[in-house]
**Student:** 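My structure is below; once you've seen it, I'll send some questions.
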Amino acid sequence: MTKHIFVTGGVVSGLGKGLTGSSLGRLLKARGLRVTMQKLDPYLNVDPGTMNPFEHGEVFVTDDGGETDLDLGHYERFIDENLTKASNATTGSIYSHVIAAERRGDYLGKTVQVIPHITDEIKRRINLLVDDETDVVITEVGGTVGDIEILPFLEAIRQFRLDVGRGNVCYVHVTLVPFIGPSGEQKTKPTQHSVTELRSRGIQPDAIVCRSERPLSPDLKLKISNLCDVPVDAVVNAADARSLYEIPLVLHEEGLDQVVCEVLGLDHTVPDLTAWRHLVERVEQAEAPVRVGIIGKYVSLPDAYLSVVEALNHAGIHHGARIEIDWIQAEEVEGLLAAGRLGDLDGIVIPGGFGERGIEGKIAAAAYARENQVPCLGLCLGMQVMTIEYARDVLGLAGANSTEFDPATPHPVIDLMESQRDVTDMGGTMRLGAYVAQLVPGSQVARAYGEEVVSERHRHRYEFNPRYRARFAESGDLVIAGESPDGRLVEFIELRGHPFWIGTQAHPEFKSRPLRPAPLFREFVGAAVRRAEGRNPRLPVAGELDLAPGGVGGAAGHAGGSARP
């Protein structure tokens, strides 16, 4: 029977329930178990697809077109499984389903209430992930214990243990043990209050993961054990780590996976963490600095580009390089060009986005990269601004633009597809999820992927206008390196004779993995490494990860800073 782990959080938000669950999933997979994951979000939006990135960070996209919480990106990167839209459920989607069912008469005239109708729908969502191919489902409950919004979720997971049997459910609670500077003490009271609040909802945690700046003493662990009614071995300390990829090893050393296996009656197979340990070693050994500028609208909230950053880190560690991100506000690019700041970059990434703000700055960055041989990777909107820049500056199409930004442009090199023009629902005009592309043999893109048919995830409305394909082809330098199988849609462009000037209509960052970097990011960072070494030959020389049999087949991470699980 499928086992279930529920991860809840207390005291404050942002403690890292997602990374804790992801790390636990990695450890269980290392024991040979088949694992999948899920996020229950308490907000009333149906999904995060229409939310401003400043509100909730990036929107992560699944193969089947689900617009989901960014924690699903952590899940996929750690457990190396492709999730689906069923792995993210929100209060909005749950209430929408229940209200629609009531309108259809599915409840036969009964009074519709939070209990049992909302809680039953939550449990149904959890059970969507249960099948014969899954040993363990890890479900993270968003929000913090004590929030009014998550009460139906707590009630549902309390009932769930009764439904499937006590031996098939494990509750893991993540709390904070703060350090009070003036007194020089770590305080357990917030954890005590958090567990008391959880128990008041009928849930007794089986394990407590204590987040802290520094390691907890055995006495503090014993105190938490006694006051929270949890075995001392199940009080797990997750102190700040040097990189987020070290967290699974920290939790394993603390015995979290062992405790969970005992609660669930799983075989106590010794986990094989050889590849993961090698990965962490690569993170720690990365020395060659590579400076990458991300030209974006939401740079004041790095979580808006979380998967882009992680994909860069994956590629950086593959090359033995330390990625240093230079966050550049797109609206300020033209001033930075005058100041020469972009000349200090080893590579430029122009990420996806929506709306007109900052577009001219992104176009200017694409032009600078093209003219000065700076490696440049354009993602989704990034490919579109590269197209606009080339049309204006090389093809001489004055005023070329996207109809998203200028409906009256004389040269709409980026435009809506005909089938989308009359659709009014915002989600209905989107190309979402995985789409196949046919690559041009011998192109830079095809060499990066090592194959000529690839699948990447998409999230966009506007496309390369096919009416201008011939004009671009006549220029001789810009290559349409990949297109949809029917030849209608442009998926990849590249520039002949440039170290790396490639744009894709897709979001390859969503499929990058710590042990298997996304091909375009891997090659982009490789080009940036070569530029860095050429500009300063006295820097430490980067070295690619050994891909020989027995190696880890790629690596990831960020060598500097602390990680919060």
Side-chain angles (χ1 to χ4, degrees), residues 242-243 245 278-295 308-328 336-337 339-351 365-379 382 386 443-445 447-450 494-503 508-509 512 514-548 551-561:
R242 288 167 293 184
S243 81
Y245 296 109
H278 185 43
L279 164 66
V280 173
E281 289 174 5
R282 292 283 300 184
V283 173
E284 295 172 350
Q285 293 168 1
E287 293 183 355
V290 174
R291 193 170 185 81
V292 175
I294 295 182
I295 318 293
V308 173
V309 172
E310 289 309 308
L312 287 169
N313 288 332
H314 301 167
I317 300 305
H318 173 82
H319 289 284
R322 185 180 74 250
I323 302 297
E324 297 177 350
I325 302 294
D326 191 352
W327 295 101
I328 298 174
L336 296 176
L337 282 169
R341 180 173 162 189
L342 267 61
D344 295 331
L345 300 176
D346 301 310
I348 291 173
V349 174
I350 307 175
Y368 179 86
R370 180 179 58 80
E371 295 168 353
N372 293 276
Q373 301 293 295
V374 179
C376 182
L377 175 59
L379 307 169
M386 293 167 84
S443 64
Q444 260 188 294
V445 173
R447 292 198 302 272
Y449 279 96
E494 64 182 53
L495 195 63
R496 285 194 179 96
H498 196 284
F500 192 102
W501 200 82
I502 291 176
E509 66 271 21
S512 187
L515 303 179
R516 194 173 62 256
L520 288 186
F521 279 85
R522 185 192 66 230
E523 297 307 305
F524 164 74
V525 169
V529 166
R530 290 188 289 274
R531 175 176 170 83
E533 292 171 350
R535 292 170 63 235
N536 193 342
R538 289 184 292 181
L539 290 175
V541 176
E544 287 195 4
L545 188 65
D546 181 10
L547 299 182
V552 297
H558 179 50

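Since this is a predicted model, take the numbers as computed values, not measurements.
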**Student:** Dump the intermediate steps for salt bridge (Lys or Arg N to Asp or Glu O under 4.0 Å) on Arg496 and Glu494, then the final yes or no.
**Tutor:** CA-CA 7 Å; Arg496 285 194 179 96; Glu494 64 182 53; over 6 Å; no
**Student:** Please evaluate residues Val374 and Trp501 with respect to the criterion side chain to side chain contact (heavy atoms under 4.5 Å, CB included), reporting the C-alpha separation (whole Å), side-chain torsions for both, the decisive distance (0.1 Å), and the verdict.
**Tutor:** CA-CA 8 Å; Val374 179; Trp501 200 82; over 6 Å; no
**Student:** Under the rule for side chain to side chain donor-acceptor pair (under 3.5 Å), what residues qualify as partners of Arg370, not counting sequence neighbours?
**Tutor:** Glu389
**Student:** Please examine the side chains of Ile350 and Leu379, heavy atoms only from C-beta on, and report whether any two atoms are closer than 4.5 Å.
**Tutor:** no
**Student:** Measuring from atom CD of Glu509 to atom CG of Leu377, what distance do you get when rounded to the nearest 0.5 angstrom?
**Tutor:** 8.5 Å
**Student:** Hey, could you give me the CG/CZ distance between Leu495 and Phe500, rounded to the nearest 0.5 Å?
**Tutor:** 12.0 Å
**Student:** List the atom of Gly293, the atom of Ile328, and the distance in Å for their closest heavy-atom pair.
**Tutor:** CA-CD1, 4.3 Å
**Student:** Measure the CD1-CG distance between Ile295 and Leu342 for me, rounded to the nearest 0.5 Å.
**Tutor:** 5.5 Å
**Student:** Locate the shortest heavy-atom distance separating Asp346 from Pro375; write the atom from each residue and the value.
**Tutor:** O-CD, 3.4 Å
**Student:** Show the nearest heavy-atom pair for residues Glu324 and Pro289, with the distance to one decimal.
**Tutor:** OE2-CB, 3.5 Å
**Student:** What's the shortest heavy-atom distance between Ala518 and Ser512, and which atoms?
**Tutor:** N-OG, 3.1 Å
**Student:** Please walk me through it: do Ile348 and Val292 pass side chain to side chain contact (heavy atoms under 4.5 Å, CB included)?
**Tutor:** CA-CA 6 Å; Ile348 291 173; Val292 175; over 6 Å; no
**Student:** How far does CD of Glu523 sit from NE2 of His318, to the nearest 0.5 angstrom?
**Tutor:** 7.5 Å
**Student:** Within the 3.5 Å criterion, strictly below it, is a donor on Tyr245 or Glu310 matched to an acceptor on the partner's side chain?
**Tutor:** yes
**Student:** Say you draw a straight line from CZ of Arg322 to CZ of Arg291; how long is it, rounded to the nearest 0.5 Å?
**Tutor:** 11.0 Å
**Student:** Which distance, rounded to the nearest 0.5 Å, do you find between the CD1 of Ile294 and the CG of Asp326?
**Tutor:** 9.5 Å
**Student:** Judged by atom type as modelled, is there a donor-acceptor pair below 3.5 Å linking the side chain of Arg522 to the main-chain atoms of Ala448?
**Tutor:** yes
**Student:** Would you confirm whether Gln444, through its side chain, and Pro499, through its main-chain N or O, come within 3.5 Å as a donor-acceptor pair?
**Tutor:** yes
**Student:** I'd like to know if the side chain of His498 and the backbone of Ala369 have a donor-acceptor N/O pair within less than 3.5 Å.
**Tutor:** yes
**Student:** Check whether any side-chain heavy atom of Phe521 lies under 4.5 Å from a side-chain heavy atom of Leu312, and answer yes or no.
**Tutor:** yes
**Student:** Which heavy atom of Pro519 sits nearest to which heavy atom of Tyr449, and what is that distance?
**Tutor:** CG-CD2, 3.7 Å
**Student:** Tell me whether Arg282 contacts the main-chain N or O of Ile317 through its side chain, where contact means a donor paired with an acceptor under 3.5 Å.
**Tutor:** yes
**Student:** Between Arg531 and Val290 (side chain of the first, backbone of the second, donor and acceptor by atom type, cut-off under 3.5 Å), is there such a pair?
**Tutor:** no
